[in-house]
Amino acid sequence: ETEQQILNLLEECEYKKCSLLIDTVLDNYMRAKGSSLWITKYFAFDFLNTFLKMAMQMNNKELIDLVKNNGEKISNCVTNNETLGIVKDTAKKFIEILESTEMDNSVTSVYTKIKIYVDNNYDNPDLNVNKVADEFSMNASVLSNQFKNAWNIGLSDYINNKRIEKAKKLLATTNKK
């Protein structure tokens, strides 16, 4: 449940709320005491996995590297506080990187909505960049360029990739070729 809340807040660019939630969860864990280092590391890796999911969804190499590098650091931790400190630092840096992206929060939110729209409608054979642009009252060329800036993949390629993935799944799970 907490993981989904964090992912939702990050997707909605609610970085301050996300930071508060993360701080609250980590502070509560630190206050609970009594957990073994192994359990704390498990908790920490679970937390980092949440960030890794988001970084991979965004196809953001800087964020992916941040999470992976700090995952390696956690492996070498010898205390609970050290482990949780790395998680807290990772979360802070992760959010700082997101905040420093070129687009402001409202623009990022629009391109997240566009991505969700495509995810829900890619099976419509009429779906293309122009149709998406019309749906969001945008210029198709601007939309395509900004989508690529936001997600590191062009909108047309994203639509085609979604269709190809669906076709692969159908080929793998049905006898119809």
For [X], which residues count as a side chain to side chain contact (heavy atoms under 4.5 Å, CB included) partner, sequence neighbours excluded?
X	answer
Asn121	Tyr117, Leu127
Lys92	Glu96
Asn120	Ile116
Lys17	Leu9, Glu14

| said: For Phe94 and Leu98: C-alpha separation, side-chain torsions, deciding distance, then whether side chain to side chain contact (heavy atoms under 4.5 Å, CB included) applies. | reply: CA-CA 6 Å; Phe94 191 95; Leu98 289 177; 3.6 Å; yes

To the nearest 0.5 Å, how far apart are [atom1] in [X] and [atom2] in [Y]?
X	Y	atom1	atom2	value
Leu26	Asn28	CG	CG	9.0 Å
Leu48	Thr90	CG	OG1	5.0 Å
Asp134	Asn128	CG	CG	8.5 Å
Leu155	Asn160	CG	CG	9.5 Å

Taking all atoms of both residues into account, what is the closest heavy-atom pair of [X] and [Y], and its distance?
X	Y	value
Asn161	Ile153	ND2-CD1, 3.1 Å
Phe51	Ala91	CZ-CB, 3.6 Å
Val87	Ala44	CG2-CB, 3.4 Å
Ile159	Val129	CD1-N, 4.3 Å
Ala140	Asn130	CB-OD1, 3.2 Å
Leu21	Gln5	CD2-CB, 3.7 Å

| query | Do any pairs count as a salt bridge (charged side-chain N to carboxylate O under 4.0 Å, His left out) and have a residue in residues 136-146, sequence neighbours left out, and if so which ones? | reply |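 Every candidate salt bridge (charged side-chain N to carboxylate O under 4.0 Å, His left out) pair involving residues 136-146 fails, so no pair, neighbours aside, qualifies.
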
| said: Just to verify, what does Tyr122 make a ring-ring contact (aromatic ring centres under 6.0 Å, His included) with, not counting sequence neighbours? | reply: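 Partners of Tyr122 by the ring-ring contact (aromatic ring centres under 6.0 Å, His included) criterion come out as none, since no residue qualifies.
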
Could I get the full list of salt bridge (Lys or Arg N to Asp or Glu O under 4.0 Å) partners for [X], not counting sequence neighbours?
X	value
Asp65	Lys61
Glu3	Lys53
Asp119	Lys162

Residue pair [X] / [Y], side-chain heavy-atom distance below 4.5 Å:
X	Y	answer
Ile22	Ile95	yes
Trp151	Tyr158	no
Lys166	Asp123	no
Met138	Ile114	yes

| said: Are Ile97 and Leu52 connected into the same hydrophobic cluster when the rule is that any two of I, L, V, M, F, W, Y join if their side-chain heavy atoms are below 4.5 Å apart? | reply: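 Linked, Leu52 and Ile97 end up in one cluster.
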
| query | In terms of hydrophobic clustering (I, L, V, M, F, W, Y; side-chain heavy atoms under 4.5 Å; direct or indirect links), are Trp38 and Ile74 co-clustered? | reply |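 Cluster IDs for Trp38 and Ile74 match.
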
| field | Lys41 atom NZ: more than 12 heavy-atom contacts under 6.0 Å | value |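 Yes, enclosed.
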
| Enclosure of Tyr42 OH (heavy-atom neighbours >12, cutoff 6.0 Å) |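 Counting other residues, nucleotides and ligands, OH of Tyr42 stays at 12 neighbours or fewer.
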
| said: According to side-chain hydrogen bond (donor to acceptor under 3.5 Å, both in side chains), who are the partners of Asn8, at least two apart in sequence or on a separate chain? | reply: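 Asn8 satisfies side-chain hydrogen bond (donor to acceptor under 3.5 Å, both in side chains) with Gln4 once adjacent residues are dropped.
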
| Partners passing side-chain hydrogen bond (donor to acceptor under 3.5 Å, both in side chains) against Lys148 (at least two apart in sequence or in another chain) |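 Lys148: no side-chain hydrogen bond (donor to acceptor under 3.5 Å, both in side chains) contacts found.
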
| message | Can you tell me how the ring of Phe43 sits relative to the ring of Phe47, calling it parallel under 30°, perpendicular over 60° and tilted otherwise? | response |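 The rings of Phe43 and Phe47 sit tilted, inter-plane angle from 30° to 60°.
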
| request: Fit a plane to each ring of Tyr111 and Phe147, take the angle between them on a 0 to 90° scale, and name the class: parallel (under 30°), tilted (30 to 60°) or perpendicular (over 60°). | output: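 Correct class here is perpendicular.
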
| query | Can you pull the side chain to side chain donor-acceptor pair (under 3.5 Å) pairs that have at least one residue in residues 72-88, sequence neighbours excluded? | reply |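 The answer is Asp27-Lys88, Thr40-Asn80, Asn70-Lys73.
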
